Asker: 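Below is the structure I would like to discuss, written out as structure tokens.
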Amino acid sequence: MEEAKFIFMDGNFVEWKDAKIHVLSHVVQYGSGVFEGIRTYETKNGPAIFRAYDHYKRLKESMKTYRMEISQTIEELISITKEIILKNELKSAYIRPVVYRGYGAISPNPLGAPVHITIAAFPLPTLFEESASKGINIMVSSWRKFAPDTIPSLAKANGNYLNSGLAIIEAKENSFDEAVMLDFFGFVAEGPGENIFLVKDRILYTPSITSSILKGITRDSVIKIASSLGIRIVEERIPRDLLYAADELFFCGTAAEITPIASVDRIPVGNGEIGEITKRISEEFKEITTGAKDPFNWLEYVEFAGM
Ligand code: PMP
């Protein structure tokens, strides 16, 4: 990964190499942390954070599920984020806030361990840079998403990503770019770090939040963009075979942005070309993230730091 200069930790901006925690921290032993991934885009008016408020709102919701509290409000977290971007002199960045349980309790009971916050910012290219222009090749993973009453999927917790990691390992070992996971009931859920959309007969489908997905901010952006373009959107349970019958298929997420999918289990999607609806939504998304327009007020410009 590309390094930056400073990382925010519990009220201080510490040097990158000094941003350390104790090995017996609760988060290291039991995965007890919640986090976000946020992008800051380069625009002609300087760096702009994409949907900062919505990301920190989701962080607060994840914290609530796990009974974690910090002193900073959402507005303060946004202001710290602007400061860390400025201090690191970044034009564009990936922001990684983590609220985690630290040193002090060595049992699975998280309540005895202190809660800490860190926010890092560093450069990060889009996830599937080389393959995204022609679409990526994915497989349906043999690893399912966790069942609804096991680990909450709406909370973006560190430990959730053990499940994602297994699906990614399986995909890479079988020479696919990425995996898509089914939920406990066998319906399509999501990628290891992306939500999924498909187009069938000009209708846009995506799994509903009852399919053990993270309620992605990019997913919400796609829904709002599509609806503004007059495209009909359906959020419901999606059977696996609709992936094979789809006219168009794409992943979306903060890291992946909008990534067209060319094949599933080696079966080509549609006619093998990137579909028209995928293209229209992608172009609109790009116009917003480059700052050319902001019809939904999603860009938080960094230049007003500290105000
Ligand atoms: N699902 C999972 C499991 C993820 O980790 C992510 C990335 N945060 C997403 C979906 C996409 O969410 P977002 O658009 O908010 O980045």
Side-chain angles (χ1 to χ4, degrees), residues 31 33-41 49-63 65 74 77 81 93-99 119-120 124-128 132 136 138 141 143-148 150-171 178-184 187-198 206-226 235 238 249-259 261 281-282 284-286 288-289 296 298-300:
V34 294
F35 69 104
E36 274 304 317
I38 311 172
R39 266 193 197 275
T40 300
Y41 289 93
I49 312 169
F50 186 67
R51 303 194 68 172
Y53 190 91
D54 298 313
H55 278 284
Y56 282 117
K57 185 161 169 273
R58 186 172 66 184
L59 183 71
K60 290 271 182 179
E61 289 162 3
S62 302
M63 288 163 53
T65 299
I74 294 180
L77 292 170
T81 307
Y94 184 78
I95 315 290
R96 173 49 59 84
V98 190
V99 174
I119 305 178
L124 187 78
T126 193
L127 191 57
F128 301 104
I136 62 167
I138 69 166
S141 182
W143 292 100
R144 298 238 180 139
K145 281 296 304 235
F146 23 86
T150 58
I151 289 178
S153 68
L154 296 181
K156 190 170 167 61
N158 297 55
N160 297 7
Y161 290 83
L162 287 171
N163 178 240
S164 295
L166 288 169
I168 295 170
I169 290 170
E170 186 183 29
E178 187 60 299
V180 61
M181 284 185 277
L182 306 180
D183 68 12
F184 175 75
F187 293 97
V188 177
E190 61 180 350
E194 310 88 8
N195 291 113
I196 193 161
F197 281 84
L198 67 88
T206 198
S208 68
I209 56 165
T210 53
S211 278
S212 300
I213 62 164
L214 181 74
K215 195 168 180 288
I217 309 288
T218 322
R219 174 184 181 275
D220 182 69
S221 308
V222 167
I223 291 172
K224 293 203 163 92
I225 289 171
E235 290 178 61
I238 293 179
L249 203 55
F250 63 89
F251 270 144
C252 73
T254 299
E257 301 182 288
I258 294 174
T259 301
I261 297 169
I281 294 171
S282 272
E284 196 74 8
F285 183 76
K286 191 125 207 127
I288 294 174
T289 55
F296 304 98
W298 284 337
L299 300 179
E300 177 81 40

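One-based numbering, in listed order, for ligands and for the atoms of each. The structure presented is a predicted model; accordingly, all values stated were derived computationally and were not measured.
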Asker: Could you tell me whether Lys57 atom NZ has more than 12 heavy atoms of other residues or ligands within 6.0 Å of it?
Answerer: no

Asker: If the test is side chain to side chain donor-acceptor pair (under 3.5 Å), which one of Ser211, Ser212, Ser153 qualifies with Asp183?
Answerer: Ser211

Asker: Just jot down the side-chain hydrogen bond (donor to acceptor under 3.5 Å, both in side chains) partners of Thr150, sequence neighbours excluded, or say none.
Answerer: none

Asker: Indicate yes or no: does Lys224 engage Asp220 in a salt bridge with an N to O separation below 4.0 Å.
Answerer: yes

Asker: Dump all N/O pairs between ligand 1 and the protein below 3.5 Å as a table: atom names plus distance, one pair per row.
Answerer:
{"residue": "ligand 1", "atom": "1 (N)", "partner": "Glu190", "partner atom": "OE1", "Å": "2.7"}
{"residue": "ligand 1", "atom": "5 (O)", "partner": "Lys156", "partner atom": "NZ", "Å": "3.3"}
{"residue": "ligand 1", "atom": "5 (O)", "partner": "Tyr161", "partner atom": "OH", "Å": "2.4"}
{"residue": "ligand 1", "atom": "8 (N)", "partner": "Lys156", "partner atom": "NZ", "Å": "2.9"}
{"residue": "ligand 1", "atom": "14 (O)", "partner": "Ile217", "partner atom": "N", "Å": "3.3"}
{"residue": "ligand 1", "atom": "14 (O)", "partner": "Thr218", "partner atom": "N", "Å": "2.8"}
{"residue": "ligand 1", "atom": "14 (O)", "partner": "Thr218", "partner atom": "OG1", "Å": "2.6"}
{"residue": "ligand 1", "atom": "15 (O)", "partner": "Arg58", "partner atom": "NH1", "Å": "2.8"}
{"residue": "ligand 1", "atom": "15 (O)", "partner": "Arg58", "partner atom": "NH2", "Å": "2.9"}
{"residue": "ligand 1", "atom": "15 (O)", "partner": "Ile217", "partner atom": "N", "Å": "2.7"}
{"residue": "ligand 1", "atom": "16 (O)", "partner": "Thr254", "partner atom": "N", "Å": "2.9"}
{"residue": "ligand 1", "atom": "16 (O)", "partner": "Thr254", "partner atom": "OG1", "Å": "2.6"}

Asker: How long is the gap from CH2 on Trp298 to CD1 on Ile288, to the nearest 0.5 Å?
Answerer: 5.0 Å

Asker: Could you check whether atom CZ of Phe35 has more than 12 heavy atoms from other residues, nucleotides or ligands sitting under 6.0 Å from it?
Answerer: yes

